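Small disclaimer: the values here were computed from a predicted structure and weren't measured.
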Amino acid sequence: MAEVSLTRHISSDEPRVLVVDSSRVARRLIERVLKNELPHAIVVGCDSGQQALSYLRNDVFDLVTTALRLSDMDGMQLARSIRDSNSQAYIPIVVVSGDVQERLVARSLDSAVTDYFDKGLGIDALASFIRGYVRPVEQVEGSVLYVEDSRVVALATRRMMEKCGFSVAHVVSVEAALELLEAARSENRAPGYDLVLTDVSLKGELGGGDLLDRIRKQFDYAKSALPVLVMTGDDNPENQSALLSAGANDLVHKPIEERLLITKLQFQLRVAQRFRVGAQA
């Protein structure tokens, strides 16, 4: 058996990507997206979990994408097997599937998976999503309404966002966030922000779940109009499911990993911007 060295960084000149999907059409689609984003990428496709594990035992990869339904195992089983048996450094494993939302709400995607993409969002969205992983973090133009009552955490997280180009309006309570959203609406510049990032547990009377509820029901902003990402350290599947069912676009697990946070923010920003352009057309 060949000795496997540590994985290279995904931004290397010729990153190697393993695409696992039982559908040849789906593999070719993902390969085309990857080649458009990284012309020099080396993309290896395989149609089963066992074949993927065989490749990983003998070669180095910088990114793995997998479907959830494979010919010989579930995609989550593959992800766990990679984590348990692979000798490489941490490899991002991204689920690309048509039933991601169902799994998200059921909380059947666990920490073995780095991130996930719903095929229903379309090929352009897939390209934007993959760009966040295969290219170095780029400067973006977007505004974030950030709700966090720990000033130490807020300072570190705000710096993460600002150094990538986001403009950040930080408040320490849901009440203050609602005031800013109401002011934007009264001044005819609704929603006023491109994204909302909120901690779920806050010291005031209202928490992140309450803010999410007000945004979706009181302000009537759809997920595409004002994406909301909720930060949580709560591993309870029922609580996580409730946040997603209430209209959270995504969850950001604490402690925060910078690359993953920025990738999620950039992806939601691009999807929302495309929606707004389409609505104005």
Side-chain angles (χ1 to χ4, degrees), residues 101 104-105 121 124-125 128 138-232 234 239-252 254 256 261-281:
Q101 188 60 34
L104 280 174
V105 173
L121 293 173
D124 289 340
S128 292
E138 61 194 49
Q139 290 292 309
V140 296
E141 292 185 2
S143 57
V144 179
L145 176 55
Y146 175 39
V147 189
E148 170 61 70
D149 57 12
S150 167
R151 295 193 181 276
V152 173
V153 172
L155 178 61
T157 306
R158 181 170 183 168
R159 283 175 175 169
M160 292 180 194
M161 293 187 281
E162 290 181 336
K163 77 178 184 180
C164 295
F166 288 101
S167 61
V168 181
H170 170 233
V171 293
V172 298
S173 70
V174 169
E175 291 84 353
L178 292 173
E179 288 180 7
L180 291 177
L181 290 170
E182 185 59 51
R185 186 165 65 175
S186 65
E187 295 167 5
N188 293 318
R189 51 182 183 86
Y193 302 89
D194 294 305
L195 302 155
V196 173
L197 176 65
T198 181
D199 197 352
V200 68
S201 299
L202 299 163
K203 295 175 183 176
E205 293 185 7
L206 301 178
D210 298 302
L211 175 59
L212 178 62
D213 183 72
R214 303 287 178 89
I215 288 173
R216 298 292 178 241
K217 295 180 180 178
Q218 178 180 322
F219 287 90
D220 199 27
Y221 293 141
K223 292 169 70 174
S224 54
L226 183 58
V228 178
L229 283 79
V230 179
M231 299 177 295
T232 177
D234 185 354
N239 294 340
Q240 294 179 355
S241 176
L243 289 169
L244 292 162
S245 297
N249 291 65
D250 205 345
L251 303 180
V252 179
K254 300 174 71 175
I256 294 171
L261 170 64
I262 298 303
T263 296
K264 287 176 180 287
L265 287 169
Q266 288 180 324
F267 173 62
Q268 294 296 340
L269 177 63
R270 292 187 186 107
V271 171
Q273 287 175 338
R274 277 196 300 274
F275 169 80
R276 289 165 191 157
V277 169
Q280 294 169 0

* Scan V147, V174, D213 and name whichever one has a side-chain contact (heavy atoms from CB on, under 4.5 Å) with L206. => V174

* **salt bridge (charged side-chain N to carboxylate O under 4.0 Å, His left out) between K264 and D250, intermediate numbers included** => CA-CA 8 Å; K264 287 176 180 287; D250 205 345; 2.9 Å; yes

* Asked: Given Q268 and K223, is the side chain to side chain contact (heavy atoms under 4.5 Å, CB included) satisfied, shown in steps?
  -> CA-CA 10 Å; Q268 294 296 340; K223 292 169 70 174; over 6 Å; no

* Asked: Does any N or O in the side chain of R216 come within less than 3.5 Å of the main-chain N or O of Y221, such that one atom is a donor and the other an acceptor?
  -> yes

* Please tell me if the side chains of L197 and M161 come closer than 4.5 Å, counting only heavy atoms from C-beta onward. => yes

* State, with a plain yes or no, whether a side-chain heavy atom of M231 is found less than 4.5 Å away from one of V153. => no

* Below 4.5 Å, heavy atoms only, C-beta onward: do Q266 and F166 meet side chain to side chain? -> yes

* Asked: Taking atom CG of D210 and atom CG of L202, what is their separation to the nearest 0.5 Å?
  -> 9.0 Å

* What's the shortest heavy-atom distance between A225 and P191, and which atoms? -> O-CG, 4.0 Å

* Check: T198 and L212 side chains under 4.5 Å, non-hydrogen atoms -> no

* Roughly how far apart are Q218 CD and E182 CD, rounded to 0.5 Å? -> 7.0 Å

* From CG (D234) to CG (N239), nearest 0.5 Å -> 4.5 Å

* If you draw a 6.0 Å radius around CD in E205, do more than 12 non-hydrogen atoms from other residues or ligands fall strictly inside? -> no

* Is atom CZ of R159 surrounded by more than 12 heavy atoms (other residues, nucleotides or ligands) closer than 6.0 Å? -> no

* Should V228 and L211 count as side-chain neighbours, where that means a heavy-atom distance under 4.5 Å? -> no

* Counting only N and O atoms by type, is there a donor-acceptor contact under 3.5 Å from the side chain of R158 to the main-chain atoms of V168? -> yes

* Asked: Taking atom CG of L195 and atom CG of L145, what is their separation to the nearest 0.5 Å?
  -> 10.0 Å

* Would a 4.5 Å heavy-atom cut-off, applied to side chains only, mark Y193 and L180 as touching? -> yes

* **Interatomic distance, L226 atom CG to D220 atom CG [nearest 0.5 angstrom]** => 11.5 Å

* Asked: Taking atom CD of Q240 and atom OG of S245, what is their separation to the nearest 0.5 Å?
  -> 11.5 Å

* Do the non-hydrogen side-chain atoms of I256 and M160 ever get within less than 4.5 Å of each other? -> yes

* Start with the C-alpha distance between R151 and V172, add both sets of side-chain angles, then the distance that settles side chain to side chain contact (heavy atoms under 4.5 Å, CB included), and finish with yes or no. => CA-CA 8 Å; R151 295 193 181 276; V172 298; 3.9 Å; yes

